[in-house]
Amino acid sequence: METSTGDIFDVIIIGAGVMGSSTAYQASKTGLKTLLLEQFDFLHHRGSSHGESRTIRATYPQHHYYPLVMESYNLWQQAQAQAGYDVYFKAHHFDMGPQNDPTLLALIDNCCKHNIQHHLLRHDEVAEKFSGRFSIPENWIGVYNSLGGVIKPSKAVAMFQTLAIKNGAVLKDNVEVIDIKKEKEKGIVVFTATGEKFRGKKCVVTAGAWVRKLVKTVSGVDIPIQPLETNVMYWRVKEGHEGKFNIGGDFPTFASYGDFCVYGTPVLEYPGLVKVAYHGGDTCDPDKRKWGPGVMVDKLKEWVEERLGRMVDSSEAVVKQCCMYSMTGDEDFVVDFLGGGFGKDVVVGGGFSGHGFKMAPVIGKILTQLVVDGEASGVDLKHFRIGRFNTTTSEPLLS
């Protein structure tokens with residue numbers, strides 16, 4: 001039996017990970033009557049927004065992310081000031097890789113273009129700078145700067161949801177959306193698996209690894225956002241070196257380029273454990289995951305052994321946490337109107353995984369502006385348009 005709420009919302013947001021929750025906070029802050037829907041429990045572990053840490057950094061090889069990251073630093077601090085507790089913890093940041101690696105060279109070029117204060121370090125200078133905690137080959141270089149940090153993901157999502165509720169937003173979990181329609185005179189109608197319907201003037205889809213499935217169902221448009229299953233791994237600091245890798249000291253967040261990309265954080269959530277993980281994963285269907293043992297584990301063991309000064313035990317990761325990425329082929333986001341029969345009434349935000357969490361506050365602000373004004377002020381979204389894909393010949397969804 002179908003039921004329909006009598007309320008008509010200004011905006012209905014589908015997906016309550018960090019992007020949807022940030023959008024609910026931003027939308028409700030501007031006075032919009034806001035509804036946030038989540039198909040599972042709030043703060044669940046089936047998607048991309050749970051866990052204990054994400055890095056924040058300003059050193060990108062692409063120029064268009066720098067202004068988004070810099071605004072996000074300020075917006076994180078504003079939001080946590082309103083909440084009364086911290087979700088963002090400052091650290092320096094260190095990038096490393098072969099001296100001729102194109103990504104690393106582009107990153108250095110970006111530092112110069114945007115006047116990011118940074119220091120280039122030879123392999124011997126890296127060893128000296130970090131008292132032997134990092135060890136890189138002679139043909140590698142390091143890039144050190146002050147714009148790093150760690151964000152607590154589950155805590156951050158909960159913060160945005162709490163602030164949204166304080167602003168009057170309505171939040172509902174365990175509500176699976178199965179269809180979205182635009183009806184004359186009635187605006188957007190969101191249909192759920194239980195038969196309940198919600199009405200809104202506008203709709204934002206931030207469903208993470210489920211964006212592709214939902215968008216294809218409601219519009220036929222196949223946006224090539226591929227879900228990947230990955231593992232976040234934590235490694236034990238060896239006896240005698242405790243305290244050397246802790247956050248709040250001089251050990252940075254870090255990224256390593258070359259044959260494969262590695263990233264990590266100082267010791268924060270698990271005493272004596274450093275986070276070192278592989279950027280990437282195995283393709284998966286988000287509804288039929290293998291919850292596998294991990295990807296590139298042997299390569300990671302080698303990296304830990306060779307790069308962390310033999311001060312961290314590389315024999316086995318002590319903690320492994322399954323997580324999902326949802327990535328486009330070019331690793332740029334999707335932030336755009338769905339178009340077609342929906343026009344500007346449905347906005348899509350997706351493909352954020354691997355590097356989007358840090359920008360959640362500004363993405364929420366942008367998605368809200370698209371809903372309210374039909375455009376985002378002061379932001380060039382050309383890199384994030386759906387039109388950059390040939391959506392008629394994209395790869396089929398995994399079954």
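Each residue takes its place number in the sequence, starting with 1.
In terms of heavy-atom proximity, Gly149 sits nearest to Tyr88 at CA-CE1, 4.3 Å. Gly47 and His50 make their closest contact through O-CE1, 3.3 Å (heavy atoms, listed as atom of the first residue, atom of the second, distance). For the residue pair Pro286 and Ala209, the shortest heavy atom distance occurs at CG-O, 3.6 Å. Across all their heavy atoms, Gly387 and Asp336 have their closest contact at N-OD2, 4.3 Å. Annotation for Gln80 and Val87: closest pair OE1-N, 2.8 Å, computed over non-hydrogen atoms. Contact between Val335 and Arg385 at its shortest, heavy atoms only, is O-NH1, 4.3 Å.
Note: His114 NE2 to Asp109 CG = 9.0 Å, rounded to the nearest 0.5 Å. Note that SG of Cys203 is 4.0 Å distant from CD1 of Ile180, once rounded to the nearest 0.5 Å. Here Leu43 contributes atom CG and Asp41 contributes atom CG; the two are 9.0 Å apart, rounded to the nearest 0.5 Å. With rounding to the nearest 0.5 Å, the separation of CD in Glu306 from CD1 in Ile136 is 13.0 Å. The OG1 atom of Thr230 sits 11.5 Å away from atom CE of Met324, with the distance rounded to the nearest 0.5 Å. Rounding to the nearest 0.5 Å places CE of Met359 at 15.0 Å from NZ of Lys365.
Contacts of Arg236 classified as side chain to side chain donor-acceptor pair (under 3.5 Å), with partners at least two apart in sequence or in another chain: none. In this structure, the side-chain contact (heavy atoms from CB on, under 4.5 Å) partners of Val372, at least two apart in sequence or on a different chain, are Leu32, Thr368. With sequence neighbours excluded, the residues forming a side-chain contact (heavy atoms from CB on, under 4.5 Å) with Lys29 are Tyr25, Gln26, Asn167, listed by chain and number. Here Glu183 pairs with Lys186, Val189, Phe191, Arg199 under the side-chain contact (heavy atoms from CB on, under 4.5 Å) rule; sequence neighbours left out.
For Glu196 (side chain) and Thr194 (main-chain N/O), no donor-acceptor pair under 3.5 Å exists by modelled atom type. Between the side chain of Asn246 and the main chain of Gly249, no donor-acceptor pair closer than 3.5 Å is present. Side chain of Ser154 to backbone of Gly51: a donor-acceptor contact under 3.5 angstrom is found. The backbone N or O of Ala16 sits less than 3.5 Å from a side-chain atom of Ser21, completing a donor-acceptor pair. Side chain of Lys216 to main chain of Asp222: no donor-acceptor pair is present (N/O by atom type, distance under 3.5 Å, no hydrogens or angles). When atom types are taken as modelled, the side chain of Asp313 and the backbone of Ser315 share a donor-acceptor pair closer than 3.5 angstrom. No side-chain donor-acceptor contact under 3.5 Å links Trp235 to the backbone of Val304. One N or O on the side chain of Lys155 and one on the backbone of Asp86 form a donor-acceptor pair closer than 3.5 Å. A donor-acceptor pair under 3.5 Å is absent between the side-chain atoms of Ser53 and the main chain of Lys152, judged by distance alone. The backbone N or O of Ile225 lies less than 3.5 Å from no partner atom in the side chain of Thr328, so there is not a single donor-acceptor pair.
One finds no salt bridge joining Lys299 and Asp259 here, because no Lys/Arg side-chain nitrogen approaches an Asp/Glu carboxylate oxygen to under 4.0 Å. Asp250 and Arg133 are joined by a salt bridge, as a carboxylate oxygen and a charged side-chain nitrogen come within less than 4.0 angstrom of each other. A salt bridge does not link Glu52 with Lys275: every distance from a Lys NZ or Arg NE/NH1/NH2 to an Asp or Glu carboxylate oxygen is 4.0 Å or more. Remark: Arg388 engages Asp330 in a salt bridge, criterion side-chain N to carboxylate O under 4.0 Å. Ionic pairing of Lys290 and Glu229 is not present here: no N-O contact between side-chain nitrogen and carboxylate oxygen is shorter than 4.0 angstrom.
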Salt bridge (Lys or Arg N to Asp or Glu O under 4.0 Å) between Asp285 and Lys213, intermediate numbers included: CA-CA 10 Å; Asp285 181 325; Lys213 283 188 173 188; 2.8 Å; yes

Verdict with reasoning, Phe94 to Phe130, per ring-ring contact (aromatic ring centres under 6.0 Å, His included): CA-CA 10 Å; Phe94 180 61; Phe130 296 106; 4.9 Å; yes

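Pairs engaging residues 294-330 under the ring-ring contact (aromatic ring centres under 6.0 Å, His included) rule: Phe254-Trp303, His279-Tyr325 [sequence neighbours left out].
Annotation: side chain of Tyr234 is not in contact with side chain of Val318 (no heavy-atom distance under 4.5 Å). Under the 4.5 Å side-chain criterion, counting only non-hydrogen atoms from C-beta, Leu68 is in contact with Ile366. With contacts defined as side-chain heavy-atom distances shorter than 4.5 Å, the pair Val150/Thr253 qualifies. No side-chain heavy atom of Tyr263 sits under 4.5 Å from any side-chain heavy atom of Val276.
For the residue pair His63 and Asn110, a side-chain donor N or O sits within less than 3.5 Å of a side-chain acceptor on the partner. Neither side chain, Thr283 nor Gln226, offers a donor N or O lying under 3.5 Å from an acceptor on the other. Trp210 and Asp287 share a side-chain donor-acceptor pair at under 3.5 Å. Remark: the Glu38 side chain and the His44 side chain contain an N/O donor-acceptor pair separated by less than 3.5 Å. When only modelled atom types and interatomic distance are considered, Ser377 and Gln369 share a side-chain donor-acceptor pair under 3.5 Å. In this model, no donor atom of one side chain and acceptor atom of the other lie less than 3.5 Å apart for His241 and Lys238.
Follow the hydrophobic side-chain contacts under 4.5 Å out from Val218 and you reach Val175 in the same cluster. Put simply, Leu37 and Val215 are part of the same group of oily side chains (I, L, V, M, F, W, Y) that touch within less than 4.5 Å, one to the next. In the hydrophobic cluster analysis, where Ile, Leu, Val, Met, Phe, Trp and Tyr join through side-chain heavy atoms closer than 4.5 angstrom, Phe251 is grouped together with Val267. Residues Val18 and Val205 fall into different hydrophobic clusters, defined by Ile, Leu, Val, Met, Phe, Trp and Tyr side chains chained together at heavy-atom separations under 4.5 Å. Residues Ile13 and Phe9 do not share a hydrophobic cluster, clusters being chains of Ile/Leu/Val/Met/Phe/Trp/Tyr side chains in contact below 4.5 Å.
Geometrically, Arg122 does not engage Trp140 in a cation-pi contact, judged by NZ or CZ lying under 6.0 Å from the ring centre and within 45° of the ring axis.
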Cut-off 3.5 Å, no hydrogens considered: what does the side-chain donor-acceptor table look like for residues 343-358, sequence neighbours left out?
| from | atom 1 | to | atom 2 | distance (Å) |
| --- | --- | --- | --- | --- |
| Lys344 | NZ | Gly374 | O | 3.3 |
| Asp345 | OD2 | Lys182 | NZ | 2.9 |
| Ser353 | OG | Ser326 | N | 2.9 |
| Ser353 | OG | Ser326 | OG | 3.4 |
| His355 | ND1 | Tyr60 | OH | 2.9 |
| His355 | NE2 | Glu331 | O | 2.7 |
| Lys358 | NZ | Tyr60 | OH | 3.0 |
| Lys358 | NZ | His355 | O | 2.9 |

